[in-house]
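Whatever order the structure lists ligands and atoms in, that order sets their numbers, starting from 1.
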Amino acid sequence: MFLKICANTNLEDAALAAELGASAVGFVFAPSKRIVTVEQVAAITPHLPATVEKVGVFTTTDPGEIVDAAKRAGLTMVQLHSAFDPQLLEAITTRTEGKLTLLQVIDVAADTTPEELRLKLHAALTHPCVAAALLDASHGGASGGTGKTFDWDATAALVRKVQTQTGGQVLIAGGLNPHNVAEAIHTFAPWGVDVASGVESSPGAKDPVKLREFLVNARHAKQVRSAS
Ligand SMILES: O=C(O)c1ccccc1N[C@@H]1O[C@H](COP(=O)(O)O)[C@@H](O)[C@H]1O
């Protein structure tokens, strides 16, 4: 299971996530309480294990800006928090010769219809430049780091169906924490899960106890699912 711990702002937190078994650590370059600079991240990534993915979260739609930041900060993955845009995906892929893995965020709001979600998810999961689609909660137009979930009951069956149909990889995000991550894994059978605020002590600072609990609970839920 792909376990992403996002919105790290310092080496201590990112290194602890890696030590506790995170598959990926994320850094937010988008407007946020947890925003970091390219220089800050460039000082962190060389000290992290090579096996851990280093993910940059972006809302900009400028491929040059994203590629430049990724190279300078030592990123291996980019999370596009902007709307699905094949031109942007292709521009990044071409400029990096396919060496940067791309995650496409899909916002799920209260007024997102099942058909809208199906079309967006299908488009992202079948695009050759997209490694995985990340479903995040959108509330009042805001998404990312909100600490809020989207409507799991209304979306689970559809998400599972599109995953199966496309063979694509889905990450669940939005309001996850140590107490609900197992339920998310049982509900969606996702490829991975992603958390930012649910393992913090304050915005930008991880809580080591919550972090450990989140990763233990996620791995346990995955084992239970695989065994059933
Ligand atoms: O974390 C942020 O502040 C943030 C800001 C802007 C875009 C994305 C951001 N984070 C991403 O949002 C998801 C969900 O966050 P949360 O767990 O609900 O707090 C997170 O996993 C990051 O990928």
[X] neighbourhood, listing ligand 1 atoms whose heavy-atom distance to it stays under 4.0 Å:
X	result
Ala7	1 (O)
Lys4	23 (O)
Val57	7 (C), 8 (C)
Asp136	12 (O), 13 (C), 14 (C)
Ser32	2 (C), 3 (O), 5 (C)
Arg34	1 (O), 2 (C), 3 (O)
Cys6	21 (O), 22 (C), 23 (O)
Gly175	16 (P), 17 (O), 18 (O)

For this session: Tell me yes or no: between the side chains of Gln165 and His122, is some donor less than 3.5 Å from an acceptor?
Result: no
Nearest 0.5 Å please: distance from the [atom1] atom of [X] over to the [atom2] atom of [Y].
X	Y	atom1	atom2	result
Leu80	Thr59	CG	OG1	10.0 Å
Arg225	Thr187	CZ	OG1	9.5 Å
His81	Thr61	NE2	OG1	14.5 Å

Exercise. Taking atom CZ of Arg212 as the centre, does the number of heavy atoms from other residues, nucleotides or ligands within less than 6.0 Å exceed 12?
Worked result: no
Answer yes or no: is there an ion pair linking [X] with [Y], defined by an N-O contact shorter than 4.0 Å?
X	Y	result
Glu53	Lys4	no
Glu12	Lys206	no
Arg118	Glu115	yes

Exercise. Which residue, Ile92, Leu75, Leu102, forms the side chain to side chain contact (heavy atoms under 4.5 Å, CB included) with Ile66?
Worked result: Ile92
Say whether [X] and ligand 1 are in contact under the criterion: heavy-atom distance to a ligand atom below 4.0 Å.
X	value
Lys33	no
Gly26	no
Glu200	no

Exercise. Mind checking whether Ala196 has an N or O less than 3.5 Å away from an N or O of ligand 1?
Worked result: yes
Problem set entry | ligand 1 N/O within reach of Thr59 N/O, cut-off under 3.5 Å | no
Exercise. So which of Gly145, Gly174, Ala137, Gly198 gets nearest to atom 2 (C) of ligand 1, if we judge by its closest heavy atom?
Worked result: Gly145
Seminar exercise, completed: Of all protein heavy atoms, the one nearest atom 19 (O) of ligand 1 is Ser197 OG, 2.5 Å
Exercise. What orientation do Trp191 and Phe2 show, parallel under 30°, tilted 30 to 60°, or perpendicular over 60°?
Worked result: parallel
